[in-house]
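These values consider heavy atoms only, across backbone and side chains, with no hydrogens, waters or symmetry-generated copies. Atoms within a ligand are numbered from 1 in the order they appear, just like the ligands themselves.
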Amino acid sequence: MNVKGILTATRSKTPLVQAITNYVTINDCANVLLACGASPAMCEVAREAYDFSRLSAAVYCNIGTLTPEQRQAIQEALRGAAEKEIPVVLDPVGCGAIPSRIDYLEELRSQYPIQVVKGNLGEIKSLAGIETQVRGVDSVDNGEDAVEACVSLAQKWQCVVAATGIQDVVTDGTQVAVIQNGTQMLTKITGAGCMAGAVIAGFCGAAENPFKGTVAGLLAMSLAGEKAAAGEGGQLPGTFKVKLIDEIHQLTEESMAASANIRYFSV
Ligand SMILES: Nc1ncnc2c1ncn2[C@@H]1O[C@H](COP(=O)(O)OP(=O)(O)O)[C@@H](O)[C@H]1O
Ligand SMILES: Cc1ncsc1CCOP(=O)(O)O
Ligand SMILES: [Mg+2]
């Protein structure tokens with residue numbers, strides 16, 4: 001399998017992505033969606049969310065700063081997404097630290113289809129009911145059994161599951177991709193995971209299936225991170241973040257194919 005064509009498809013289709021996301025990194029998510037060729041709209045007012053999702057090509061829900069209004073908006077957006085059969089990407093930020101978020105997410109998925117769950121490994125293991133270590137919204141998991149955790153959750157939730165970290169694991173419960181790109185600089189800024197989720201939603205809005213869209217989205221973030229870190233000032237977090245968005249904008253099919261380090265296998 002390869003992910004060739006997804007970046008081009010995103011840039012030619014310009015998928016509209018409705019994002020309901022945390023107020024820490026909302027602007028970064030909008031910019032990174034533009035940089036990858038999608039069209040962001042941070043539509044999170046409950047009474048607008050249903051209508052807006054029906055216009056969109058994908059919906060990104062991130063629960064980092066989940067307000068009562070956002071809860072309602074997510075409900076409405078997922079109702080619209082289900083009717084239109086568009087992909088929903090869920091970022092379960094902080095669910096390892098706040099167990100009530102797991103109950104919330106379980107309830108959500110029992111009501112509406114979710115195509116992709118993308119979190120850091122601590123969040124994914126927490127959702128899968130596996131022992132892990134987190135510090136607030138960060139994972140301090142040692143990385144062991146990442147594939148098993150993702151496969152278990154993907155089979156239980158019947159969706160694509162992605163866990164990020166030093167390497168990223170993506171699975172639909174049958175096929176697995178392990179992406180070995182990236183840079184530690186991505187852990188020195190807040191929002192690398194949120195931005196990765198947003199790019200995944202953009203790519204899923206244009207890709208033929210959510211597995212490919214998710215692999216391509218995480219690869220794009222990791223490769224852009226590598227390039228940003230290697231440039232002048234790229235070891236400084238402020239400069240790195242600006243360069244990261246620039247590098248997403250400058251990605252090409254060729255540069256992605258040339259630098260991708262992905263291992264695929266079946267479970
Ligand atoms: N130690 C690392 N080395 C290389 N890339 C990393 C590392 N940690 C995280 N990443 C990358 O940073 C991005 C965000 O992942 P992560 O830090 O796990 O998420 P979050 O910000 O949600 O905690 C992903 O693209 C991931 O591949
Ligand atoms: C710091 C913080 N607090 C609530 S949401 C958020 C941002 C989390 O971003 P990421 O999951 O990309 O690290
Ligand atoms: Mg995160």
### Task
Could you tell me the residue and atom name of the protein heavy atom closest to atom 11 (C) of ligand 1, and the distance to it rounded to 0.1 Å?
L186 CD1, 3.5 Å
### Query
How does T183 reach ligand 1, if at all, at less than 4.0 Å between non-hydrogen atoms: by side chain, backbone, both, or neither?
backbone
### Query
Which atoms of ligand 2 sit under 4.0 Å from any heavy atom of G193?
12 (O)
### Task
Examine the side chains of Q133 and N142 and answer whether a donor and an acceptor come within less than 3.5 Å of each other.
no
### Message
Looking only at protein heavy atoms, which one is nearest to atom 16 (P) of ligand 1, and what is the separation?
### Response
T164 OG1, 3.4 Å
### Task
Identify the protein heavy atom lying closest to atom 23 (O) of ligand 1, giving its residue, its atom name and the separation to 0.1 Å.
N120 ND2, 2.9 Å
### Task
Starting from atom 2 (C) of ligand 2, locate the nearest protein heavy atom and write down its residue, its atom name and how far away it is, to 0.1 Å.
V24 CG2, 3.8 Å
## Note on the structure
If you scan protein heavy atoms around atom 7 (C) of ligand 2, the nearest is T190 OG1, 3.6 Å
### Summary
closest protein heavy atom to atom 7 (C) of ligand 1 is G165 O, 3.5 Å
#### Entry: Identity and distance of the protein heavy atom lying nearest atom 8 (N) of ligand 1
T187 CG2, 3.3 Å
## Note on the structure
Under 4.0 Å between heavy atoms, the region of A192 that gets near ligand 2 turns out to be backbone
### Query
Can R79 be said to sit on top of Y112's aromatic six-ring, NZ or CZ under 6.0 Å from centre and within 45° of the ring axis?
no
### Summary
Interatomic distance, CG@L66 vs CD1@I74, rounded to 0.5 Å, equals 5.5 Å
### Message
Can you confirm whether E123 sits close enough to V134 that some side-chain heavy atom of one is under 4.5 Å from a side-chain heavy atom of the other?
### Response
no
### Task
Specify the protein heavy atom at minimum distance from atom 4 (C) of ligand 2: its residue, its atom name, and the distance to 0.1 Å.
G64 O, 3.4 Å
### Task
Hey, could you give me the CZ/OG distance between R101 and S126, rounded to the nearest 0.5 Å?
12.0 Å
### Task
Tell me, with the steps shown, if K156 and E106 meet salt bridge (charged side-chain N to carboxylate O under 4.0 Å, His left out).
CA-CA 11 Å; K156 184 172 169 209; E106 288 278 7; 3.3 Å; yes
### Summary
closest protein heavy atom to atom 13 (O) of ligand 2 is G191 N, 3.7 Å
### Task
Distance to 0.1 Å, residue and atom name: give those for the protein heavy atom nearest to atom 2 (C) of ligand 1.
I166 CA, 3.6 Å
### Message
Which residue and atom name correspond to the protein heavy atom nearest atom 25 (O) of ligand 1, and how close is it?
### Response
S222 OG, 3.7 Å
### Query
Side chains of E44 and Q18: donor-acceptor distance under 3.5 Å anywhere?
no
### Summary
Taken to the nearest 0.5 Å, the spacing of Y50 OH from C43 SG works out to 14.0 Å
### Message
For atom 14 (C) of ligand 1, what is the closest protein heavy atom, and at what distance to 0.1 Å?
### Response
G193 N, 3.6 Å
### Task
Around atom 9 (O) of ligand 2, find the nearest protein heavy atom and jot down its residue, atom name and distance.
C194 SG, 3.1 Å
### Query
Strictly by modelled atom types, are T252 and S255 linked by a side-chain donor-acceptor pair under 3.5 Å?
yes
